[in-house]
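Handing you this structure, nothing more for now.
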Number of protein chains: 2
Amino acid sequence: MTSSPHFHILIEKIFSINVTAEELKSIPEPSLRRLPVYLQYLQNARETGKTEISTTLIARDLRLDPTQVRKDLAYTGIIGKPKIGYNIDILINSIEDYLNWNNLSDAFLAGAGNLGLALLGFEQFTKYGIKIVALFDNDGRKIDREVKGVPVLPVEKMASLAKRMHIHIGIITVPASSAQSVAEQMVAGGIKAIWNFAPKMLKLPEEIIVENAQFATSLAVLTRKLAESLKMVE
Amino acid sequence: MTSSPHFHILIEKIFSINVTAEELKSIPEPSLRRLPVYLQYLQNARETGKTEISTTLIARDLRLDPTQVRKDLAYTGIIGKPKIGYNIDILINSIEDYLNWNNLSDAFLAGAGNLGLALLGFEQFTKYGIKIVALFDNDGRKIDREVKGVPVLPVEKMASLAKRMHIHIGIITVPASSAQSVAEQMVAGGIKAIWNFAPKMLKLPEEIIVENAQFATSLAVLTRKLAESLKMVE
DNA sequence: AATATATTGTGAAATCCATCACAAAATATT
DNA sequence: AATATTTTGTGATGGATTTCACAATATATT
């Protein structure tokens, strides 16, 4: 009967109805941003040997509201059991699926400096659905070498190679001064989404997706909270 | 007369009334997170020779609502001129003051790997109110050297040195596996705020301020938007 | 000098997100 | 078997943030 709370979800699964772009959009951005946090927490929890977990516990450990956690997780389509909670393995899978992190996407990374290498070396990176297949740099000493099995190529080759390899994601870790130019070359190569670590706002066509990994943003919150807490003490 | 819209702000300035913790708290967190974005945008704008700027223009370039920009900037106490906008220099100063980024705070950085060095090399860093005064690492080959004029010391010395130097801010760029232990040593040294780049949730006393600079968070938004846009095309 | 235009600043309305309250469900306990 | 307990799922409520609407104001134009 339609009394099941998951009736419509079941129907979708049974008939393999594709989730449309409209539905995809429906998650609030704050919820979306919390999903990776849950993921990490759950991976830690799994390592301790747990197999089930409740939102009550997740919320306590992450200092969130249990209902909020439940609603966030519900966006991924996961179904829990009253009195028990969720199966950790299934929950992890559900989140990864929702984020599309189970399908690895190839990506180009421009800027083989410390930050670029840090990202490349970040093993858990493939867990986040991204595989860096080539590095690009302008420094002749770096070019034509390999770093962790990934070739370093000159920036001029980026656009044509991106086209040929149908790359959709570009990561920018070059200095602010060359970020705009590198971004434009990525766009010329057909790249659709750019993850920008350079402290510079990029001006690109509207249809290009840009996420700025602004260090400064979280630092603002930190310094602000610290100033508050120091004020309170004195 | 009290008809001036900024009467209370003027009064505060004239009598140097300190902003209290209560008032400090009053900015919405979303607004706080946007302030560094404005700052960067304004610094770029200044370099082009502009001296005045309107929220209309800022909003257009950053794809925000003009009223939102106006209200955000108002939290810093800035006052604009109808038909003209804001003086860029004064506006930049106003934001920096509000974030307390004009007063440099000393900080310790644990983890002299690629990511740590990337942060250290980030010249604009001092613009964000933080000065890294020592690096800590466990790798004997790195210890007792200097990187960009900053000494690299063994992690065991961190707590006692933090106490002696009254350090309040710690930055963690060690691997996830040692993040918790390093964080605890920071707390033991009296550090009050931790900026955590390790992909690991830290369990620390409630009074410690922790900001997680989660790469994964912005990546989730990116991959999600990309999946949406690819759905729409097909 | 008068009028037009662009912008600020802000109260009001609308939207979005988080939290509350509680029925339904699954297990544990008596 | 009945009762107690814990948790899920969700409609309703409350609060926070964004957007709207518009008066006030400074400059530009006629």
Side-chain angles (χ1 to χ4, degrees), chain A residues 1-10 12 22 25-35 37-38 42 45 50-88 90-91 94 217 221, chain B residues 1-10 22 25-35 37-38 42 45 50-88 90-91 94 221:
Chain A
M1 307 303 290
T2 59
S3 63
S4 158
H6 303 297
F7 183 71
H8 63 286
I9 289 174
L10 287 174
E12 276 174 6
E22 204 40 54
K25 231 173 241 166
S26 68
I27 189 173
E29 189 163 313
S31 298
L32 177 54
R33 289 184 177 275
R34 283 188 294 268
L35 290 182
V37 178
Y38 300 135
L42 293 167
K50 269 208 189 86
T51 59
E52 313 285 329
I53 199 157
S54 73
T55 54
T56 320
L57 183 58
I58 297 174
R60 178 141 36 83
D61 286 346
L62 298 180
R63 294 186 207 173
L64 297 172
D65 180 275
T67 303
Q68 182 174 63
V69 177
R70 239 171 283 141
K71 291 195 170 176
D72 286 347
L73 298 181
Y75 285 110
T76 71
I78 189 79
I79 295 172
K81 267 192 193 171
K83 178 86 196 238
I84 300 294
Y86 302 80
N87 175 283
I88 293 186
I90 296 179
L91 183 50
S94 178
T217 293
V221 178
Chain B
M1 305 309 289
T2 59
S3 63
S4 157
H6 305 296
F7 184 70
H8 63 284
I9 290 174
L10 288 174
E22 204 42 54
K25 230 173 243 165
S26 68
I27 188 173
E29 190 164 314
S31 297
L32 176 54
R33 289 185 177 276
R34 283 188 293 266
L35 289 183
V37 177
Y38 299 134
L42 293 167
K50 270 208 189 83
T51 59
E52 313 285 330
I53 199 159
S54 74
T55 56
T56 318
L57 184 58
I58 298 174
R60 178 142 34 85
D61 285 346
L62 299 180
R63 295 186 205 175
L64 298 171
D65 181 275
T67 304
Q68 183 174 62
V69 177
R70 242 171 281 142
K71 289 195 170 174
D72 286 346
L73 298 181
Y75 285 110
T76 71
I78 189 77
I79 295 172
K81 267 193 195 170
K83 176 87 196 239
I84 300 294
Y86 302 81
N87 176 283
I88 292 186
I90 297 178
L91 183 49
S94 178
V221 179

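A note on names: the letters A, B, ... follow the listed sequences, proteins ahead of strands, and every chain is numbered from 1.
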| Can you tell which of C:dT27, D:dT8, C:dC17 lies closest to the side chain of A:Ile84? | C:dT27
| task | Verify the distance criterion only: is there a donor paired with an acceptor across the side chains of A:Thr55 and A:Arg70 at less than 3.5 Å? | result | yes
| Any side-chain heavy-atom pair from B:Ile58 and B:Leu64 closer than 4.5 angstrom? | no
| remark: In short, B:Tyr38 meets B:Leu73 closest at the heavy-atom pair CD1-CD2, 3.8 Å
| With a 4.0 Å cut-off on heavy atoms, is A:Glu52 in touch with a base, just the backbone sugar-phosphate, or nothing at all? | nothing
| said: Rounding to an integer number of Å, can you tell me how far A:Asp65 CG sits from D:dT7 C1'? | reply: 14 Å
| said: Check the phosphate of C:dC17 against A:Tyr75, side-chain N and O only, distance under 4.0 Å to OP1 or OP2. Yes or no? | reply: no
| When rounded to the nearest 0.5 angstrom, what distance separates CD in B:Glu52 from CD1 in B:Ile84? | 6.5 Å
| Between D:dG9 atom P and A:Asp72 atom CG, what is the distance in whole Å? | 13 Å
| said: Measure CD1/B:Ile78 against P/C:dT10 and give the value in whole Å, please. | reply: 14 Å
| d(CG, B:Leu57; C1', C:dT8) in whole Å | 15 Å
| Side chain of B:Pro82 - closest among C:dA18, D:dT25, C:dA26 | D:dT25
| What is the distance, rounded to the nearest whole Å, between atom CG of A:Leu35 and atom P of C:dC17? | 13 Å
| query | Can you tell which of D:dT8, C:dG9, D:dT19 lies closest to the side chain of B:Arg70? | reply | C:dG9
| Between D:dA26 atom P and B:Lys81 atom NZ, what is the distance in whole Å? | 8 Å
| Under 3.5 Å donor-acceptor pair, A:Lys83 side-chain atoms to D:dT5 base atoms | yes
| Given C:dT7, D:dT8, C:dC20, which nucleotide is nearest the side-chain atoms of A:Lys71? | C:dC20
| note | Between B:Ile53 and A:Glu29, the residue closer to the 5' end of DNA chain C by nearest nucleotide is B:Ile53
| request: Whole angstrom is fine here: how far is it from CD1 in B:Ile58 over to C1' in C:dT8? | output: 12 Å
| task | Mind listing the closest non-hydrogen atom pair of A:Ile53 and A:Leu91 along with its distance? | result | CG2-CD2, 4.4 Å
| Considering only D:dG9, C:dC17, C:dA18, which nucleotide approaches the side chain of A:Ser31 most closely? | C:dA18
| task | Measure from CD1 on A:Ile27 to P on C:dA18 and round the result to the nearest Å. | result | 11 Å
| query | Which part of the nucleic acid, if any, lies within reach of A:Thr67 when heavy atoms closer than 4.0 Å are counted: base, sugar-phosphate only, or nothing? | reply | base
| Short side-chain N/O contact to D:dT6 OP1/OP2 from A:Ser54, under 4.0 Å | no
